[in-house]
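Scope of the values below: all heavy atoms of this structure, side chains included, with no hydrogens, waters or symmetry mates. Each chain gets a letter, A, B and so on, in the order the sequences are listed, and its residues count up from 1.
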Amino acid sequence: MNKGRFGIFGGQYIPETLMNEVKTLEEAYCHYKNEKAFTDELNALLREYAGRPSLLYFAKRMTDDIGGAKVYLKREDLNHTGSHKINNVLGQVLLAKRMGKTRVIAETGAGQHGVATATAAALLGLECEIFMGREDTERQALNVYRMELLGAKVNTVTSGTMTLKDAVNEAMREWVSRVRDTHYVLGSVMGPHPFPTIVRDFQSVISAEARKQILEREGRLPYAVVACVGGGSNAMGMFYNFIDDKEVRLIGCEAAGEGINTERHAATIAKGKIGVFHGMKSYFCQDEYGQISPVYSISAGLDYPGIGPEHARLYETGRAEYVPVTDGEAVGAFEYLARTEGIICAIESAHAVAHVRKIAGSIPKSESVIICLSGRGDKDVVAIARYRGRNIDE
Amino acid sequence: MSERIRNAFKKSNAFIGFLTCGDPSVKKSLEFAERLIEGGIDLLEIGIPFSDPIAEGEVIQKANIRALSAGTRVEDSFTLAKEIRVRSGIPLVFLTYLNPVFAYGYDAFFKRCKDCGVDGVIIPDMPFEEQGEALPFADRHGADIISLVAPTSKRRVCEIAAKARGFLYVVSSMGVTGMRKEISTDLKSIISEAKRVTDIPIAVGFGISSKEQAREISELADGVIIGSAIVKIIEKYGEDAGKYLYEFAREVSEEIKTRI
């Protein structure tokens with residue numbers, strides 16, 4: 001058992017060709033995260049460019065409507081590029097540049113991580129290539145064009161199920177070929193060590209701010225923090241600084257697609273088993289023979305058969321709980337938040353909103369609940385309209 | 001350490017051939033294995049098909065899809081190995097990603113390897129540092145976990161080679177498996193470094209497709225591994241690939257062995 005483990009989870013299950021590179025990355029990260037010039041530059045970018053700190057918004061109408069705990073929204077959707085992904089990407093691209101890399105690659109599902117990576121690469125002057133499954137380039141065509149506008153090359157992945165999992169496969173294959181000049185900007189708290197730790201650290205700004213903000217507003221910690229989980233980066237960022245606050249419930253919302261009793265879902269904790277894939281030991285949706293299962297969600301960003309290893313550990317120890325939320329519930333919450341609060345959130349984040357709609361009513365009014373609103377929903381409107389039977393030309 | 005693997009490198013340089021189990025059917029894989037053996041391969045690598053073979057290039061990815069679409073299961077790879085073992089004393093090595101092995105259970109998997117006459121296992125997503133969880137079970141049942149070194153391994157070459165079992169698999173090029181026109185890595189220095197710390201044979205793979213390349217590599221290494229070029233023949237001729245596989249194996253093996 002080597003380092004980079006969360007209990008039994010995590011590790012570095014990758015081809016030998018990448019081993020020296022992940023070790024070099026770990027060394028570079030350990031060095032720069034403590035170097036003042038690096039953290040100053042990153043913090044300045046987060047503040048001046050990404051627009052941090054993000055707001056902690058009290059959703060009064062939603063709270064009144066549900067009639068239970070006060071609902072707060074951590075507005076990651078208001079960040080530059082429209083999601084929490086920018087937090088991680090600015091850190092990693094800055095790190096890549098310090099390491100002397102001239103090129104970055106990334107996988108993307110919904111396109112938010114791809115757009116964020118393309119943005120950071122444009123800003124910091126690095127070449128950028130994005131890998132995106134064909135199914136996702138079709139349902140997120142707007143984001144493809146956005147990445148191209150930002151100067152990135154978008155590679156359409158046609159292998160396997162043509163979604164996020166396959167985009168990761170292809171990005172890894174590309175990285176193995178070009179590891180000397182290329183950094184792989186992994187978008188979630190997954191993959192081989194040190195990625196789950198690096199991404200979690202860069203995303204933990206979400207809970208560092210939220211914890212401070214809620215204490216200022218409420219004078220006490222929240223009853224629960226709730227976030228959607230695919231690979232789990234916004235959830236890990238939202239949970240991290242609350243882990244030691246044992247009284248705060250940590251709730252991750254997985255994509256149940258058409259229901260966890262159907263074959264069309266991406267509910268890794270509810271339906272997956274422990275396995276080894278994409279560089280890590282964790283939970284994966286797989287068949288009895290260890291073949292990775294095709295997964296499904298209306299949300300391209302949650303359409304992934306695994307979950308980050310630190311989540312697996314939080315689940316195993318009982319510190320965090322993970323609940324499935326269906327497409328229908330998420331779409332309902334997407335529309336609800338738009339009507340009630342005037343906020344069109346990402347369909348990913350709507351999974352968390354949906355769960356809070358279910359539980360907030362039974363939590364005392366004196367308590368508060370924070371939802372990580374991980375992204376904005378402009379990218380999703382066409383798909384939601386389609387779900388409701390309306391075809392809109394983009 | 002496997003006696004059969006060691007013997008494969010004894011008389012001359014070894015030609016290691018690869019095919020994916022179940023591409024296009026398990027029955028055909030058995031026939032193709034026999035043709036390759038008749039053609040002169042000295043060790044057979046059997047790929048256990050996996051849904052997401054991240055270290056493979058397009059040719060072997062497609063073979064995995066063909067095999068899985070035909071309904072091939074892990075158990076079929078064991079059956080195939082057993083059938084080959086009945087007919088031949090050739091060393092057999094599985095190439096598999098870790099998750100199917102993990103799902104099968106390490107103890108059960110390696111026990112089954114022994115029962116079916118499988119001498120070793122190559123697991124491209126289990127680097128040296130992560131071998132610990134599987135090694136005790138491989139040891140118990142007498143299978144060698146084959147280690148890989150890559151052009152980027154640098155100082156790791158000695159560390160890995162010193163503990164390598166069966167044979168040492170030197171990855172010739174950066175990237176995934178697949179045919180390449182040229183191999184630019186300084187294989188000589190990697191091999192000589194490894195030779196300082198180990199007596200086990202050293203075989204080179206990734207990107208070798210022609211008999212000319214095979215001859216070149218065999219000047220440097222104890223063994224030459226060819227995968228994609230064989231799978232490409234199966235892709236092209238499908239069920240009728242047998243005779244072409246035999247011819248290919250014979251040509252390459254003549255190139256490799258006339259050297260000595």
| task | Could you name each residue pair satisfying salt bridge (Lys or Arg N to Asp or Glu O under 4.0 Å) that touches residues 166-179 of chain A, not counting sequence neighbours? | result | A/Arg103-A/Glu174, A/Glu170-A/Arg173, A/Arg178-A/Asp181
| query | Which answer fits A/Phe277, side chain, backbone, both or neither, if we ask what part of it has an atom under 4.5 Å from a heavy atom of chain B? | reply | side chain
| message | Need one label for B/Pro49: side chain, backbone, both or neither, based on atoms under 4.5 Å from any heavy atom in chain A. | response | backbone
| request: Identify which part of A/Val179 has an atom lying under 4.5 Å from any heavy atom of chain B, answering side chain, backbone, both or neither. | output: both
| Under 4.5 Å from any heavy atom of chain B - which part of A/Glu21 | neither
| said: For B/Phe78 and B/Phe94, I'd like to know if the aromatic rings sit close, meaning centre-to-centre distance below 6.0 Å. | reply: yes
| query | Out of B/Gly57, B/Pro127, B/Pro151, B/Ser173, which one racks up the most heavy-atom pairs below 4.5 Å with chain A? | reply | B/Pro127
| request: Output every pair passing salt bridge (Lys or Arg N to Asp or Glu O under 4.0 Å) with a member in residues 291-307 of chain A, not counting sequence neighbours, ordered by first then second residue. | output: A/Arg139-A/Asp303
| query | Under 3.5 Å, is there a donor-acceptor pair between the B/Gln131 and B/Ser147 side chains? | reply | yes
| Test side chain to side chain contact (heavy atoms under 4.5 Å, CB included) applied to B/Cys113 and B/Val101, B/Val121, B/Leu92, B/Val93, the passing residue | B/Val121
| message | Taking side chain as everything from C-beta outward and backbone as N, CA, C, O, which of these in A/Thr17 sits under 4.5 Å from a heavy atom of chain B? Side chain, backbone, both or neither. | response | both
| Among A/His278, A/Glu288, A/Lys23, who wins on heavy-atom pairs under 4.5 Å with chain B? | A/Lys23
| query | Under 3.5 Å, side chain of A/Gln286 to main-chain N/O of A/Lys273, donor-acceptor pair present? | reply | yes
| message | For B/Lys111, I'd like to know if atom NZ has over 12 heavy atoms of other residues, nucleotides or ligands within 6.0 Å. | response | no
| query | At a heavy-atom separation under 4.5 Å, does B/Ile123 approach chain A through its side chain, its backbone, both, or neither? | reply | neither
| note | The interface call for B/Glu75 against chain A, heavy-atom contacts under 4.5 Å, is neither
